There are 2 protein chains.
Amino acid sequence: MAGANFSDACIALLHRLAERSGEIALQHFRTSVTVDAKGDDSPVTIADRDAESAMREMIRAAFPDHGLIGEEHGRERPDAEWLWILDPIDGTRSFINGVPLFGTLIALWQRTGDGEARPVLGCINHPALKERWVGGNNHPTTFNGVRTEPRACAAAADASMYYTAADLFAPSEAEAFNAVTKAAGQARAGGTDCYHYAMVASGWIDLVVESGLKLHDYAAIVPVLEGAGAVVSDWNGAPLALDSETTVNGQVLACGDPRLHTEVVNLLQSR
Amino acid sequence: MAGANFSDACIALLHRLAERSGEIALQHFRTSVTVDAKGDDSPVTIADRDAESAMREMIRAAFPDHGLIGEEHGRERPDAEWLWILDPIDGTRSFINGVPLFGTLIALWQRTGDGEARPVLGCINHPALKERWVGGNNHPTTFNGVRTEPRACAAAADASMYYTAADLFAPSEAEAFNAVTKAAGQARAGGTDCYHYAMVASGWIDLVVESGLKLHDYAAIVPVLEGAGAVVSDWNGAPLALDSETTVNGQVLACGDPRLHTEVVNLLQSR
């Protein structure tokens, strides 16, 4: 990053964004909020919209020249060097059904000059659980302020795998996905959304395979996982990029152990 | 119950059992506990065994003539008038993967004299979430000490439905189960185990359909749901009994609204 002061200011802002968005989400959690359907039929509520609006305002006030990409309110200065990428409520189905597993995803990416960008900092915040992961480049990942790490798991046969739901995969992906669930020691559709990436970062599980993720879904999980020492990529083993949501259909593979990552990339690529 | 003093003593014991079993579960949560497979291949850990042992000892000390039926340590005085039915950790898969949705189920049933028994009190305790539901006959259900109620939902088309996982149903049940998921406004495999019954009791969702539940899985949810004003039965609409685990394959239907219950029983019975 551009100096320690800037880095500290970004981390401090990240925590303030998590606090404020969490307050707003909890104001609406387990109340009878109106659920609207978006263009892609995914549900959205006033909690999503208000939490993102509040975060955008705070970022604009702190860094008026930074770019903003949010799930609910679109793009502002998307060509800026520094990009904040926001998903105010990941796991809206959990949110509207009273399940505390929903989370807020906050990411800071930096453009590298060739039209691409790389993740710098990320936050996975679960306000109803009071659980927060923060990490990134040169910022070892913490869980509620304490350094957290994945566990060793060298082989798929020993791996505990989570995904949100089997029906979120495209028919053309079924064979590759099924090869991994079959090889995994255990595989569970946990309705867990972003939570299971944090579970990999903290070594509670070993493996997540998902598809159809948007930029705002994966922008924060990459730095949190990498800062913890886990490996995250697309299904080809390549880094997730700004445009991975379109180029590789938002396919995400997260492994706590690099040896497991190599095995699962091979499994996915052999189909 | 047999007098107010006895009733108060049972409720006080219920809370102490929840406190103590929760302490034991949390001592082992997110540590590398050894996972053993039971005869039915379901996972079990020292947390299950120790939490149940502690509860059994507390019940024996308070009510030496009461019966005990527990998931891990079997039956003691099963012909007694008063039966405590225990599941120390429901949702062991969540527990061993660091997901805080696991719960402890504690029930008190009373024999009615004809070999049958009816639920009197129940507790659904989620120690990692610090969320507890307690209720039963003449004891309106509370959520963390506050009266809680289901919400109105007259029709399946408007209902939010949860179940743990589709692969927990027998092949012969698939048609009936699919008829309900198709009729429901939304249906989700949430990996939620006993949590989704509490969600019905508190009006966050409307409908749960499950199968293969054992006595220790449903003994506590019946009084909690009935004490809240929800309706719970087998798939035929009949009350869940001591032997429902064998007579109707542990099929459970829980609805927040009696009108929804009537519709879903008809759906299940028409297949």
Side-chain angles (χ1 to χ4, degrees), chain A residues 29-33 35 37 41-43 91-102 126 128-131 143-144 146 148 150-153 158-168 181 185-193 195-196 198-208 256, chain B residues 29-33 35 37 41-43 91-102 126 128-131 143-144 146 148 150-153 158-168 181 185-193 195-196 198-208 256:
Chain A
F29 185 51
R30 298 177 178 171
T31 67
S32 42
V33 287
V35 180
D41 238 24
S42 66
T92 301
R93 283 180 204 282
S94 286
F95 181 79
I96 61 183
N97 289 310
V99 178
L101 296 180
F102 67 92
H126 283 82
L129 299 174
K130 296 185 173 58
E131 295 183 346
F143 167 46
N144 284 353
V146 178
T148 199
R151 66 184 176 193
C153 177
D158 300 320
S160 181
M161 168 180 175
Y162 262 66
Y163 54 98
T164 294
D167 60 7
L168 297 177
T181 57
Q186 56 155 303
R188 193 171 207 219
T192 25
D193 298 291
Y195 197 64
H196 46 219
M199 291 158 67
V200 170
S202 283
W204 304 335
I205 61 167
D206 310 291
L207 170 61
V208 173
Chain B
F29 185 51
R30 298 177 178 171
T31 67
S32 41
V33 287
V35 180
D41 238 25
S42 66
T92 301
R93 284 180 203 282
S94 286
F95 181 79
I96 62 182
N97 289 310
V99 178
L101 295 182
F102 67 90
H126 284 83
L129 299 175
K130 296 185 174 61
E131 295 183 348
F143 167 47
N144 284 353
V146 178
T148 198
R151 66 185 177 193
C153 175
D158 299 321
S160 180
M161 169 181 176
Y162 262 66
Y163 55 99
T164 293
D167 60 7
L168 298 177
T181 58
Q186 56 156 304
R188 191 169 208 219
T192 24
D193 298 290
Y195 197 63
H196 46 220
M199 290 158 66
V200 170
S202 283
W204 304 334
I205 61 168
D206 309 290
L207 170 61
V208 173

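Every chain is numbered from 1, with letters handed out A, B, ... down the list of sequences. Not measured: the values here are computed from a predicted model.
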Applying side-chain contact (heavy atoms from CB on, under 4.5 Å) to B/A166 and not counting sequence neighbours gives B/Y163

side-chain contact (heavy atoms from CB on, under 4.5 Å) filter on A/A198, not counting sequence neighbours, yields A/I124, A/W133

pair A/W204-B/I96: side-chain heavy atoms closer than 4.5 Å: no

For A/R30 and B/F143 the tightest heavy-atom approach is NH1-CZ, 3.8 Å

* Quick one: do B/I205 and A/V99 satisfy side-chain contact (heavy atoms from CB on, under 4.5 Å)? Show the steps, please. => CA-CA 10 Å; B/I205 61 168; A/V99 178; over 6 Å; no

If one checks every heavy atom of A/L101 against chain B at 4.5 Å, the contacting part turns out to be side chain

Whatever's closer than 4.5 Å to a heavy atom in chain B on A/S32 counts as neither

Looking only at B/G191, B/G203, B/G190, the option with the highest number of non-hydrogen pairs under 4.5 Å against chain A is B/G191

Chain A shares the most heavy-atom pairs under 4.5 Å, among B/P100, B/A165, B/S202, with B/P100

Query raised in the report: Would the number of heavy atoms belonging to other residues, nucleotides or ligands and lying under 6.0 Å from CZ of B/R188 be above 12?
Result: yes

With chain B, the option among A/Q186, A/H196, A/K130 that has the most non-hydrogen atom pairs under 4.5 Å is A/Q186

